[in-house]
Amino acid sequence: MPSGGGGGGGECTIVWIRRDLRVEDNPALAAAVRAGPVIAVFIWAPEEEGHYYPGRVSRWWLMHSLSQLQSSLGSLGASFITKRSTDSVLSLIQVVKSTGATQLFFNHLYDPISLVRDHRAKESLTEQGIVVRTFNADLLYEPWEVNDDKGRPFNTFSDFWNRCLSMPYDPAAPMLPPKRIISGDVSRCPSDTLVFEEESEKGSNALLARAWSPGWSNANKALTTFVNGPLVEYSVNRRKADSATTSFLSPHLHFGEVSVRKVFHLARIKQVLWANEGNKAGEESVNLFLKSIGLREYSRYISFNHPYSHEKPLLGQIKFFPWVIDENYFKAWRQGRTGYPLVDAGMRELWATGWLHDRIRVVVSSFFVKVLQLPWRWGMKYFWDTLLDADLESDALGWQYISGTIPDGRDFDRIDNPQVEGYKFDPNGEYVRRWLPELARLPTEWIHHPWSAPGSVLQAAGVELGMNYPLPIVELDAAKSRLQEALCEMWQQETAWRASIENGTAEGLGDSLEETPIAFPQDSQMEVDQEPIRNNLATNARRYEDQMVPTLSASLQRVEEEPSSDRNSDGSSRPEVPTDRAMNPQPGRQTLNLLQTFRNNNIPQFNINLGLQNAHESTAESSSSGRRERDGGVVPVWSPSTSSYSEQYVGEDNGIGSSSSYLQTHPQSHQLISWRRLSQAG
DNA sequence: GAGGTTTTTTC
DNA sequence: AAAAAACCT
């Protein structure tokens with residue numbers, strides 16, 4: 001390496017900060033501090049995320065979280081560089097060169113885009129003679145550590161989580177923050193000013209600060225408050241839509257402002273305490289809370305093992321589901337004008353605050369998929385754009401669960417009744433009244449089903465159905481029969497498809513074993529976020545026409561060459577989330593080395609090896625197929641096993657209902673049987 | 001406290 | 001809808 005030159009800065013370590021915006025229990029940072037002088041770097045390269053350009057509230061959070069981290073690092077003595085980039089890896093190389101650093105440390109991420117990008121970073125920098133080390137900061141256990149008795153990954157959450165809770169070793173104990181950091185020389189590496197907020201967004205964002213305080217020290221406060229307060233009653237309160245009894249940690253956890261291990265440890269300490277006191281409810285509360293932590297873990301686990309889970313069902317049957325492509329439905333849902341009060345209240349809360357109780361997330365997303373039968377990825381995208389804690393892995397898991405496209409997901413043909421759920425989660429109608437002022441005067445008896453209220457009641461409450469509050473956009477009975485028909489159609493299509501595969505005439509569908517994704521709606525059809533909400537919706541009645549909707553266009557605009565017009569399958573359109581674009585031009589090579597991105601801490605190797613060897617073979621082989629080349633052909637290394645995972649489910653009797661016996665009948669679940677066969681079909 | 005019912009939960 | 005848990009006799 002060239003020496004640091006006049007600056008004398010050489011021999012220092014770059015800590016690449018991403019979604020680990022904390023100084024406490026940050027393994028990459030701690031290791032770097034131990035190794036000598038440190039420079040922390042944050043690279044803002046949102047274009048790399050493709051469709052998943054962070055939404056307004058998410059960027060707002062990041063902006064504040066970063067500034068807190070910057071001042072904390074500063075007071076510890078470290079330099080913090082920020083870079084604006086369209087290619088993180090290139091920027092890293094530049095930073096390394098201009099600082100004369102010899103090492104790069106960072107913590108693992110598990111979303112599909114990061115997996116590929118981080119691997120590329122490791123490869124490129126290693127080639128430059130830089131020592132690259134990576135760490136687990138985000139999970140209790142790394143995905144490859146948690147396997148069944150045969151060394152294979154789990155396919156259901158409960159099995160996964162039971163194993164996590166009974167691992168032979170505990171999750172690493174949280175580390176204290178460094179006392180002092182020696183800074184590397186940044187004199188020749190200027191920071192870029194990062195802009196996270198557009199002018200038009202400032203008004204809306206100002207409101208967020210009333211309810212939320214981003215940043216690692218605030219995250220710690222939130223954790224302490226929760227653990228010492230609402231946690232003990234978590235099990236009792238958890239079902240109320242409207243209460244402040246959840247932990248509110250999810251945005252903090254998303255950005256890594258607090259370590260999940262610390263959360264785990266603190267909760268466990270309380271649990272032991274309450275167990276000794278014989279406080280059964282408290283003990284159970286901790287179990288339930290930890291389970292939600294476990295779901296977060298599982299979402300990373302899924303994403304790592306099945307890196308297309310944010311855009312493709314894990315179970316393949318739904319491939320042929322005839323989604324209703326109706327942007328008016330979509331719009332009504334977003335605006336909270338479906339005619340189902342609980343759904344509408346939730347959607348308006350989401351829009352106004354960027355937040356939604358987990359229960360309500362389930363209600364609105366289930367309504368979206370089962371009643372409206374809109375494609376789940378639209379809903380997921382909207383969540384991504386509007387949620388303060390938008391998180392690709394968690395949201396993908398959530399939507400796949402709701403859509404019934406994971407082995408332990410909701411039943412396909414089950415439709416939840418928003419009226420019933422309304423009385424379950426909001427028995428007194430307070431939540432609905434808060435978010436739907438136009439219904440505020442309706443008696444509780446009718447609040448969750450105004451359509452069946454007597455005219456006199458409606459009149460007394462000032463409700464005019466169809467005028468100031470809509471009639472149900474889809475009747476539940478109609479939804480049920482439409483869903484039945486849709487499922488029938490799906491079976492038929494699938495049967496036909498399977499037959500055509502067997503006859504070797506699978507042309508109409510090409511050789512694609514992937515679902516052809518339905519494009520997101522075009523910009524022009526989405527409203528624009530004209531004007532921020534200035535008043536508190538909670539107390540200010542507005543007519544529903546006033547309800548504003550965030551725009552998806554910010555995200556869509558950044559995606560170059562998106563063929564947003566082809567929303568029907570013609571077999572040749574590409575998946576629209578560009579995970580495989582401009583990421584890595586060498587599918588075959590990437591395969592083996594990818595593991596090394598992670599495996600530098602003597603990680604037990606388990607079956608990941610096996611899976612990857614297979615993946616390697618298969619990728620190499622399939623990369624010669626026409627389709628892959630046409631697409632520019634790069635796939636994260638796990639992709640083949642993902643495909644086989646879903647395809648094998650498809651191969652089951654009729655897919656549905658057979659998942660419980662799946663493991664017995666398919667011991668090789670994680671490998672690549674049908675991939676090869678199918679990729680040859682073209 | 002075994003056996004049958006109702007309620008709750010399902011990621 | 002089905003399983004688990006809680007609640008009855």
Side-chain angles (χ1 to χ4, degrees), chain A residues 110 139-140 143 146 153-165 234-241 246-247 249-250 253-254 260 280-281 283-285 287-306 309-310 313-315 317-318 356-370 376-377 379-380 383 387 389-417 420-427 476 479-480 483-484 487 645 649 654-662:
Chain A
Y110 309 89
L139 296 176
L140 300 175
V146 186
F154 293 102
N155 282 325
T156 60
F157 169 70
S158 62
D159 293 343
F160 165 80
W161 187 233
N162 288 337
R163 171 56 58 95
C164 287
L165 292 173
Y234 191 79
S235 62
V236 203
N237 287 329
R238 142 186 76 103
R239 48 183 20 259
K240 293 184 193 155
T246 55
S247 71
L249 282 174
S250 57
L253 282 169
H254 170 77
V260 79
K280 280 264 180 259
E283 211 184 330
E284 185 56 20
S285 286
N287 282 334
L288 286 165
F289 172 65
L290 289 182
K291 191 167 145 191
S292 67
I293 295 294
L295 283 167
R296 180 182 172 283
E297 298 271 311
Y298 191 55
S299 72
R300 272 75 181 147
Y301 187 77
I302 294 269
S303 179
F304 177 79
N305 287 308
H306 310 287
S309 61
H310 63 302
L314 259 50
L315 301 186
Q317 343 85 317
I318 210 176
L356 217 44
H357 190 293
D358 182 56
R359 293 283 152 155
I360 306 301
R361 295 184 196 205
V362 170
V363 169
V364 300
S365 54
S366 167
F367 184 85
F368 186 92
V369 172
K370 300 294 179 61
W376 62 271
R377 295 187 55 240
M380 195 182 103
F383 270 23
L387 277 172
D389 58 3
D391 179 286
L392 203 52
E393 298 94 304
S394 291
D395 291 345
L397 175 62
W399 282 90
Q400 294 235 21
Y401 164 69
I402 293 298
S403 312
T405 56
I406 42 175
D408 45 0
R410 285 271 244 263
D411 289 335
F412 248 4
D413 50 357
R414 172 182 148 177
I415 290 188
D416 295 302
N417 184 331
V420 172
E421 311 224 280
Y423 287 108
K424 218 191 275 176
F425 303 135
D426 181 32
L476 232 43
K480 274 180 196 156
L483 184 61
Q484 285 308 322
L487 290 173
Y645 179 80
Y649 275 102
N654 57 6
I656 289 173
S658 54
S659 48
S660 62
S661 63
Y662 173 74

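Quick note on labels: first sequence line is chain A, next is B, and so on, each numbered from 1.
Among the protein residues, A:Asp358 comes within range of the nucleic acid bases, having at least one heavy atom under 4.0 Å from a base atom.
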Donor-acceptor pairs under 3.5 angstrom involving side-chain atoms of residues 287-295 of chain A: please list them, not counting sequence neighbours.
from	atom 1	to	atom 2	distance (Å)
A:Asn287	OD1	A:Gln271	NE2	2.8
A:Ser292	OG	A:Phe289	O	2.6

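The two atoms that bring A:Ala390 and A:His254 nearest to each other are O-CE1, 3.0 Å, heavy atoms only. For the pair A:Ser365 and A:Ile402, the tightest heavy-atom approach, listed with the atom from each and the gap, is OG-CG1, 3.5 Å. In this structure, A:Val369 and A:Trp399 approach most closely via the heavy-atom pair CG2-CZ3, 3.8 Å.
Between A:Tyr298 and A:Phe160, the ring-plane angle classifies as tilted under the 30° and 60° cut-offs.
At a non-hydrogen distance threshold of 4.0 Å, nothing from residues 361-369 of chain A comes into contact with DNA chain B.
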Nucleotide N/O to protein N/O under 3.5 Å, stretch nucleotides 2-7 of chain C:
none

Run the numbers on A:Asp416 and A:Arg410 for salt bridge (charged side-chain N to carboxylate O under 4.0 Å, His left out), then give the verdict. CA-CA 10 Å; A:Asp416 295 302; A:Arg410 285 271 244 263; 2.7 Å; yes
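When atom types are taken as modelled, the side chain of A:Asp411 and the backbone of A:Arg414 share no donor-acceptor pair closer than 3.5 angstrom.
With a cutoff of under 4.0 Å to any heavy atom of chain A, the contacted region of DNA chain B is bounded 5' to 3' by B:dT9 to B:dC11.
The line from CZ of A:Arg296 to CG of A:Asp389 is 11.0 Å long, rounded to the nearest 0.5 Å.
Within the structure, salt bridge (charged side-chain N to carboxylate O under 4.0 Å, His left out) pairs that include any residue of residues 394-404 of chain A do not occur (at least two apart or interchain).
Applying the side-chain hydrogen bond (donor to acceptor under 3.5 Å, both in side chains) criterion to A:Thr405, with sequence neighbours excluded, gives A:Gln400.
B:dT7 and B:dC11 are spaced 22 Å apart, taking the P atom of each and rounding to whole Å.
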